[in-house]
**Student:** 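Can you read through this structure? Questions will come right after.
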Amino acid sequence: MCVAAHVPISQAMLNNRLTVGGFVALGGLTGILVGFVCAVIYRRTKGFESQLLRAIRKDTLRIVYQPIVDLENEEIVEVEALARWTNEDNVPVSPDDFIKVAEERGFVGQITKLVVRHVLHDFAKTLRERPGFRVNVNIAAADLADPEFLPMLESALAQAGVAASSLGIEITESYTARQQVAKETILRLREKGHYVHIDDFGTGYSSLAYLHDLSVDAIKIDKAFTKAIGTDAVTVTILPQILTMADTLGLRVIVEGIETPQQARYFAQSEQSIYAQGWLFGRPVPPDAFLRLLEGKARIGEYEESIEGMGMVASSVSAA
Ligand code: C2E
Ligand code: MG
Ligand code: MG
């Protein structure tokens with residue numbers, strides 16, 4: 001803290017000892033406070049990051065699976081793999097938070113690799129037996145730019161004896177528009193046979209030209225649109241245009257965040273074939289529970305991951 005005055009210091013000290021003393025004390029206290037806050041933020045952020053890195057190293061992240069159904073017959077056609085982390089204080093941390101930190105600190109690729117390994121461990125046999133079924137993994141911008149990413153996928157799939165078409169890729173919309181390298185990697189993923197989805201569609205750079213330019217297989221309409229159904233929010237008026245646009249471009253549509261029968265009916269009325277994902281059709285569950293669901297040995301809703309939507313504690317840490 002700096003105090004500027006137009007008075008010679010000797011005079012100031014003589015006439016205003018109390019005021020100057022007060023300012024010095026205030027400056028000192030503010031400095032201590034700012035230092036303390038910085039130290040707390042630094043320690044928590046570092047602690048968060050090193051805990052996460054330890055969890056990756058010790059392989060203690062869990063992967064849960066949420067079904068994606070065909071709205072026409074409610075049969076499971078795909079599944080999304082979602083990462084879960086409970087920190088060393090036993091607090092579940094939202095993936096929105098830990099993925100962001102991993103991205104900012106440059107190690108999200110380690111999480112992608114871990115998820116791919118788990119998916120193939122959990123589902124290789126199922127994927128070999130059901131060629132029409134697909135598991136989707138979320139990838140990050142850094143993966144698209146990483147020259148090791150495609151070879152990593154290829155060797156993991158070859159080792160597991162699983163076809164590339166059985167592993168779908170979800171890429172958040174805002175990642176993809178940014179760089180030429182993203183477009184090239186998407187092209188190469190598709191050439192290899194992966195099914196590429198644009199995730200959270202409608203929240204980023206959506207435009208017809210952009211989608212055409214990208215050349216993907218499917219869009220996942222963000223849950224913000226689903227939430228707006230039955231309200232007069234302006235987002236609802238855009239939905240039919242998105243569906244028409246996807247139809248024209250020959251893109252598969254998956255709707256996220258279906259929680260109510262009313263929302264499901266809205267999309268089921270469409271003449272297009274639409275896939276849906278949401279709590280109405282099943283929350284994310286561990287692999288064995290998902291397999292029972294897929295094999296028809298359990299009903300949707302029988303297994304509900306307790307932390308989903310109920311008591312998931314978002315981290316208070318945001319990366320500095
Ligand atoms: P996302 O890829 O869009 O995943 C869908 C999110 O919506 C999941 O949140 C899922 O639990 C939630 N969800 C599903 N159905 C409903 C519903 O009916 N209502 C509501 N309100 N939510 C629903 P989750 O698991 O918390 O993941 C958040 C985001 O974190 C994901 O969004 C994805 O962007 C990211 N993420 C999760 N796992 C991974 C991962 O392994 N790698 C990467 N790069 N990102 C991941
Ligand atoms: Mg996703
Ligand atoms: Mg999404």
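All ligand and atom numbering here is 1-based and tracks the order in the structure. FYI, the numbering just counts along the sequence from 1.
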**Student:** With a 4.5 Å cut-off on side-chain heavy-atom distances among I, L, V, M, F, W and Y, is there a chain of contacts connecting Leu157 to Tyr195?
**Tutor:** no
**Student:** Taking atom CD as the centre, does Glu72 end up with more than 12 heavy-atom neighbours from other residues, nucleotides or ligands that are less than 6.0 angstrom away?
**Tutor:** no
**Student:** Please work out which of Pro95, Ala224, Ala140 has its closest non-hydrogen atom nearest to atom 24 (P) of ligand 1.
**Tutor:** Pro95
**Student:** If you measure only the distance, is there a donor-acceptor pair under 3.5 Å linking the side chains of Thr112 and Asp143?
**Tutor:** yes
**Student:** Could you pull out, from Val137, Val255, Asn138, the option with a heavy atom nearest to atom 44 (N) of ligand 1?
**Tutor:**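 Shortest heavy-atom distance from atom 44 (N) of ligand 1: Asn138.
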**Student:** Within the 4.0 Å heavy-atom shell around Glu259, which atoms of ligand 1 are there?
**Tutor:** 17 (C), 18 (O), 19 (N), 20 (C), 21 (N)
**Student:** Spell out, yes or no, whether Leu249 and Tyr275 are grouped together once hydrophobic residues are joined by side-chain heavy atoms under 4.5 Å, including indirect joins.
**Tutor:** no
**Student:** Does ligand 1 have an atom under 4.0 Å from some heavy atom of Gly257?
**Tutor:** yes
**Student:** Among side-chain atoms of Arg134 and Ser165, is any donor-acceptor pair under 3.5 angstrom?
**Tutor:**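 No, Ser165 and Arg134 have no side-chain donor paired with an acceptor closer than 3.5 Å.
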**Student:** Is the shortest N/O to N/O distance between Asp200 and ligand 1 below 3.5 Å?
**Tutor:** yes
**Student:** So which protein N/O/S atoms does the Mg ion (ligand 2) have within less than 2.8 Å?
**Tutor:** Glu80 OE2, Asn138 OD1, Glu170 OE1, Asp199 OD2
**Student:** Give the numbers and elements of all ligand 1 atoms closer than 4.0 Å to a heavy atom of Lys223.
**Tutor:** 6 (C), 7 (O), 12 (C), 20 (C), 21 (N), 22 (N)
**Student:** Check the angle between the aromatic planes of Tyr65 and Phe123 and answer parallel, tilted or perpendicular using the 30° and 60° thresholds.
**Tutor:**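 Plane angle over 60°, so perpendicular.
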**Student:** Below 3.5 angstrom, do we get any N/O pair linking Glu80 and ligand 1?
**Tutor:**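 Between Glu80 and ligand 1 (N or O atoms, distance only) the closest approach is under 3.5 Å.
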**Student:** Indicate yes or no for a side-chain donor-acceptor contact from Gln66 to the backbone of Arg283 under 3.5 Å, with no hydrogens or angles considered.
**Tutor:** no
**Student:** Below the 3.5 angstrom mark, is there an N/O of Gly278, backbone or side chain, next to an N/O of ligand 1?
**Tutor:** no
**Student:** So is Glu103 close enough to ligand 1, meaning a heavy atom under 4.0 angstrom away?
**Tutor:** no
**Student:** Asp122 side chain to Val119 main-chain N or O, any donor-acceptor pair under 3.5 Å?
**Tutor:**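 Not confirmed, Asp122 side chain does not pair with Val119 backbone.
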**Student:** Taking the non-hydrogen atoms of Gln277, is any one of them nearer than 4.0 angstrom to ligand 1?
**Tutor:** no
